[in-house]
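It should be emphasised that the depicted structure is a prediction, and the values quoted were computed from it without experimental measurement. We count residues from 1, following the sequence as given. Below, each value reflects all heavy atoms present in this structure, side chains not excepted, and no hydrogens, waters or symmetry copies.
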Amino acid sequence: MDFSLTEEQLMLKDSVAKYLLANYSPEQRSANIMLSGGVSHWTHFAELGWLTVPFTEEVGGFGGSIVDTCVLMEEFGKVLVVEPYWPSIVLAGQLIARSSNTALCERILPQLMAGELQASFAWLEAQGTFCMSHVSATAKRDGDDYILNGQKQLVLNATADLILLPVRTRGEVNSEQGISLFNIEAHDPAIEREEVVLMDGQRAVNIRFTNLRVPAENMLTAEGDAYPLIADVVGEALIALCAEAVGAMEYLYKATAEYANTRKQFGTAIGKFQALQHRMVDMFMFTELCRSLLIRAQCSVLDGSSERQKDIAALKAMVGKYGRQVAEEAVQLHGGMGVSNEMPIGHYLKRLMMIDSYFGNAMHQRREYCELSYA
C-alpha cells in the first residue's frame, strides 16, 4: 500500500515549512507568547488558507482530509507554533461544522475560517479524570433559553471569542446520554474567568458560570445527544495533535544529531561515541514508530474502520510515552544547555508533556486500549 503524500499535500507541506522557516524563529515564538498570547500570525494563517483546511467545500473550506490536517500540524510541531490552531480550528471548529445546527454553522464558520473569530472547547472538569462523559455542569430549560451552572478547568485558547460548553440536561454524571453542547460568548458577564499560563507557555482559562442564560438556538445538537459528536471530533483531533508531536520529535532527533556532530569532548565530536550513537538511533526509531501509528490511525479514519478508537488510543499512548523519552534524551545529550530558556530543546520537552496530558495521558490511553481490546 502506498502511504506517500499526494502532490497537493506535498505542496501544502512545502508552503507551510517555507513560511515558518522565514517567520517563526525561536525568538519570534517567544515574543508571540509574551506579547500576544500566540495570535500574532493568525491573520497570515487565514490569508494563506490554512484555517480552511479541515472544513468541507460545502461550507467554504479547503475540503482537506485528516491527512491534510496532519500534514499542517506536523509542520507546526517542528517549530512549536503557539497559535491556537488545534483548539480553535481542529477541535472547536469541527464540532461546529459537524453539528446539526445549520444556522449556527452558517453564522460562525465563515468568521472562523476568515480569522475573525476564535473558539475553544471547554470539556475538562475538576473530577473528570480524563473521562469525556463526566459532565456535572447542568442546563435547565427556561422558556426559549437554558440556564447553565457549573465550572470547567483549563480551557485552551484564552483569547477565544466563543466557547463550546458541554453540560448535562439529563442523566447521571458519567452517562454518555443527556449531554448537550452549547455555543456561548467567552466574555459573558455571568462567567468568572481565571487565566493561567501552562507549562509550554500557552494560556488557558478556568471558568465558573452561574445562571448563565443561553438561547436554545445556540445548542449544537438535539438536546442530550452531543456525546457521539464530541467523541467523533475529539478522536480525529487527537490524531492531529499526535501529528504535531511527531513533528516535534523529528526536530529533536535531528537537532540532537547535528549538535552531537559539532560538540567536541576530548578533541572528538561526541557524535562519534558509540554509546551516544545508540541513544540517537533509539530517538529516531521511537519517532518512526509513532509516525507508523499515526499513519495507521489516519487510515482507520479514512476507511471508517471499526478499529478506529483502538488505533487512536494506541497512537496517543505511544506518543505520550516515546515523545517524552525522545525529548528527555535530547535534553540529556545537550547537557546543561538543554534545559536553558536560550535553547529550544527544553521548550519541546514541555510541549510534548502537555500534548501527553490532553484528553488522557499515556497511562490512561493504555488502559483505554486494553479495555477496547479485551472487553
Practice prompt. May I ask you to check whether over 12 heavy atoms, not counting those of H44, lie within 6.0 Å of atom NE2?
Written response: no
Worksheet item: If you draw a 6.0 Å radius around CD in Q151, do more than 12 non-hydrogen atoms from other residues or ligands fall strictly inside?
Response: yes
Discussion item. Would you say the rings of Y358 and W86 are close, in the sense that their centroids are separated by under 6.0 Å?
Written reply: yes
Between [atom1] on residue [X] and [atom2] on residue [Y], distance to nearest 0.5 Å:
X: S133; Y: Q177; atom1: OG; atom2: CD; value: 9.5 Å
X: Q298; Y: D303; atom1: CD; atom2: CG; value: 11.5 Å
X: W123; Y: I230; atom1: CH2; atom2: CD1; value: 11.0 Å
X: I239; Y: I66; atom1: CD1; atom2: CD1; value: 5.0 Å
X: E57; Y: T52; atom1: CD; atom2: OG1; value: 10.0 Å
X: L165; Y: I184; atom1: CG; atom2: CD1; value: 4.5 Å

Any side-chain to backbone donor/acceptor pair from [X] onto [Y]? Under 3.5 Å, distance only.
X: W42; Y: E83; answer: no
X: R193; Y: I207; answer: no
X: Q9; Y: T6; answer: yes
X: K78; Y: V246; answer: no
X: K316; Y: D356; answer: yes
X: D68; Y: S65; answer: yes
X: D188; Y: A190; answer: yes
X: S120; Y: V155; answer: no
X: R291; Y: L293; answer: no
X: R308; Y: D232; answer: yes

Can you see which heavy atom on [X] is nearest to which on [Y], and at what distance?
X: E328; Y: L349; result: CG-CD1, 4.0 Å
X: R168; Y: V135; result: NE-O, 2.9 Å
X: E125; Y: Q153; result: C-CG, 4.1 Å
X: V79; Y: L20; result: CG2-CD1, 3.7 Å
X: A186; Y: A160; result: CB-O, 3.2 Å
X: I191; Y: E185; result: CD1-O, 3.5 Å

Say whether [X] and [Y] are linked into one hydrophobic cluster, either directly or through other cluster members, by side-chain heavy-atom distances under 4.5 angstrom.
X: V82; Y: L80; answer: yes
X: I179; Y: I147; answer: no
X: L154; Y: F359; answer: yes
X: M280; Y: F284; answer: yes
X: L117; Y: W50; answer: yes

Worksheet entry | Partners meeting ring pair (Phe, Tyr, Trp, His ring centres under 6.0 Å) with Y369 (sequence neighbours left out) | none
Practice prompt. Kindly determine whether Y85 and E244 satisfy side-chain hydrogen bond (donor to acceptor under 3.5 Å, both in side chains), including the steps that lead there.
Written response: CA-CA 11 Å; Y85 190 87; E244 179 187 344; over 6 Å; no
Worksheet item: What residues form a side chain to side chain contact (heavy atoms under 4.5 Å, CB included) with P215, not counting sequence neighbours?
Response: D145, E217, N218
Item to complete: Evaluate the criterion salt bridge (charged side-chain N to carboxylate O under 4.0 Å, His left out) for residue pair E371 and R367; output intermediate values, then yes/no.
Response: CA-CA 6 Å; E371 290 173 3; R367 284 197 299 266; 5.7 Å; no
Examine the side chains of [X] and [Y] and answer whether a donor and an acceptor come within less than 3.5 Å of each other.
X: T169; Y: S180; answer: yes
X: Y253; Y: E258; answer: no
X: Q118; Y: T159; answer: yes

Discussion item. Below 30° counts as parallel, above 60° as perpendicular, anything between as tilted: where do the rings of H41 and Y19 land?
Written reply: perpendicular
Discussion item. Check R351 with D200, please: is the shortest side-chain N to carboxylate O separation under 4.0 Å?
Written reply: yes
Worksheet, complete the sentence: The residue among V59, L51, L162, I96 that forms side-chain contact (heavy atoms from CB on, under 4.5 Å) with L112 is I96
Item to complete: Just do the salt bridge (charged side-chain N to carboxylate O under 4.0 Å, His left out) check on E236 and R98 with the steps written out, would you?
Response: CA-CA 12 Å; E236 289 193 30; R98 301 185 190 187; 2.9 Å; yes
Item to complete: Among residues two or more places apart or on two chains, list those pairs meeting ring pair (Phe, Tyr, Trp, His ring centres under 6.0 Å) that have a residue in residues 157-186.
Response: Y146-F182
